[in-house]
Amino acid sequence: MVGLGRMGANMAERLVRGGHTVGGYDPGPAAREQAAARGIVPATSLAELVAALPAPRAVWLMVPAGQVVDATLAELLPLLSPGDTVIDGGNSNYKDTMRRAAELAGHGLHYVDSGTSGGVWGLKEGYSLMIGGEAAAVERLRPIFETLAPGADRGWGRVGPSGAGHFTKMVHNGIEYGLMQAYAEGFAIMGHKADFGLDLHQIAEIWRHGSVVRSWLLDLSSDALGKNPSLDGIAPYVEDSGEGRWTVAEAIDLNVSAPVITASLLERLRSRDKDSFADKLLAAMRNEFGGHAIRKE
């Protein structure tokens with residue numbers, strides 16, 4: 001396992017618990033030390049890690065998408081041998097994945113993309129794995145996927161050739177944006193109905209059982225509301241990690257209408273604008289055409 005952050009270390013530990021021997025590398029000494037305490041065999045360099053692996057090797061990358069993946073592959077390439085497999089479990093753009101797979105194939109190496117969902121709960125509950133790559137390469141890694149998934153026969157599967165795993169995970173995250181936005185808006189409406197004095201945590205708990213809107217995201221929302229009913233101390237600022245943008249761009253390229261996912265992405269962008277010129281202009285226009293009062297800062 002290359003990259004021993006929260007996801008990488010947890011995944012490596014789940015594999016260890018499942019009976020696998022796992023070596024791990026991270027540039028941070030503290031991360032390597034913590035991994036060793038969890039049963040992962042630490043390496044101080046990629047060269048040391050690769051040398052410790054029996055051929056054919058399987059090297060799983062859990063590093064940030066983009067340039068870091070390319071830099072890691074550039075360092076790995078001269079260390080690997082034909083027949084070895086590299087798995088990218090991060091949120092890489094599927095087009096980058098297809099490019100990397102073609103490049104590694106030219107060196108006799110297999111490149112498997114595993115879109116990975118499960119977050120910090122994956123260690124306990126298992127991970128949802130959307131896998132792309134050559135069928136034979138994926139089949140050889142079956143014991144790894146069966147251990148990481150919630151069950152050997154569920155929660156994972158090869159969805160297509162190289163790039164298909166990351167493409168599927170991209171759409172998964174786009175859907176996630178829409179679901180989260182719908183929950184957020186619904187609870188905001190109820191929270192503003194002051195004369196009813198609604199207990200949002202209570203309602204979330206009711207919905208969790210038997211309701212058609214029950215889901216893991218609702219479970220997590222209920223947990224958050226139980227800990228902090230008014231969400232004190234949380235800034236109304238929402239990041240996006242890129243997959244929502246890619247999903248919207250892909251929808252446009254494919255002429256597919258995706259208004260909910262698009263709107264949820266735009267709401268995240270809006271949350272970061274603390275000095276909205278657009279809203280100021282709206283207020284100014286209302287004043288110009290209707291004489292409506294302008295609220296001063």
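Note: hydrogens, waters and symmetry copies are ignored here, and every other heavy atom, side chains too, is used.
Between Y183 and F187, the angle of the ring planes lies from 30° to 60°, which puts this pair in the tilted group.
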Next item on the list: Evaluate side-chain contact (heavy atoms from CB on, under 4.5 Å) for V248 paired with R245, printing each intermediate quantity in order.
Entry: CA-CA 5 Å; V248 171; R245 298 182 185 218; 5.9 Å; no
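Of the possible donor and acceptor atoms, one in the side chain of S264 sits under 3.5 Å from a partner among the backbone N and O of I261.
Proximity of L76 to R57: side-chain heavy atoms (C-beta onward) are nowhere separated by under 4.5 Å.
Using a 4.0 Å cut-off between charged side-chain N and carboxylate O, R142 and E139 make a salt bridge. Salt-bridge annotation for D96 and R99: present, with a side-chain N of the basic residue lying under 4.0 Å from a carboxylate O of the acidic one. Taking the charged nitrogens against the carboxylate oxygens, R272 and D240 do have a contact shorter than 4.0 Å, which makes a salt bridge.
Under a hydrophobic-cluster definition in which Ile, Leu, Val, Met, Phe, Trp and Tyr are linked whenever side-chain heavy atoms come within less than 4.5 Å, directly or via other members, V138 and M98 are assigned to different clusters. Hydrophobic clustering, with ILVMFWY side chains joined whenever heavy atoms are under 4.5 angstrom apart, groups V213 together with I175. Using a 4.5 Å cut-off between side-chain heavy atoms of Ile, Leu, Val, Met, Phe, Trp and Tyr, with links allowed through other members, L266 and V238 fall into different hydrophobic clusters.
Taken from CG in L73 to CG in L61, the straight-line distance is 5.5 Å, to the nearest 0.5 Å. The structure places CE of M190 at 4.5 Å from CD1 of I203, a figure rounded to the nearest 0.5 Å. Here the CD1 atom belonging to I87 is positioned 5.5 Å from the CD1 atom belonging to I144, to the nearest 0.5 angstrom. Interatomic distance, CD of E243 versus CG of N91, reported as 4.0 Å (0.5 Å rounding).
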Below 3.5 Å, can you tabulate the donor-acceptor pairs from side chains in residues 20-27 to any protein atom, sequence neighbours excluded?
from: H20; atom 1: NE2; to: P143; atom 2: O; distance (Å): 3.4
from: H20; atom 1: NE2; to: T147; atom 2: OG1; distance (Å): 2.8
from: D26; atom 1: OD1; to: G28; atom 2: N; distance (Å): 2.8
from: D26; atom 1: OD2; to: L4; atom 2: N; distance (Å): 2.8

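For R14 and Y127, the positive end is not near the middle of the six-membered ring at less than 6.0 Å and at most 45° from its axis.
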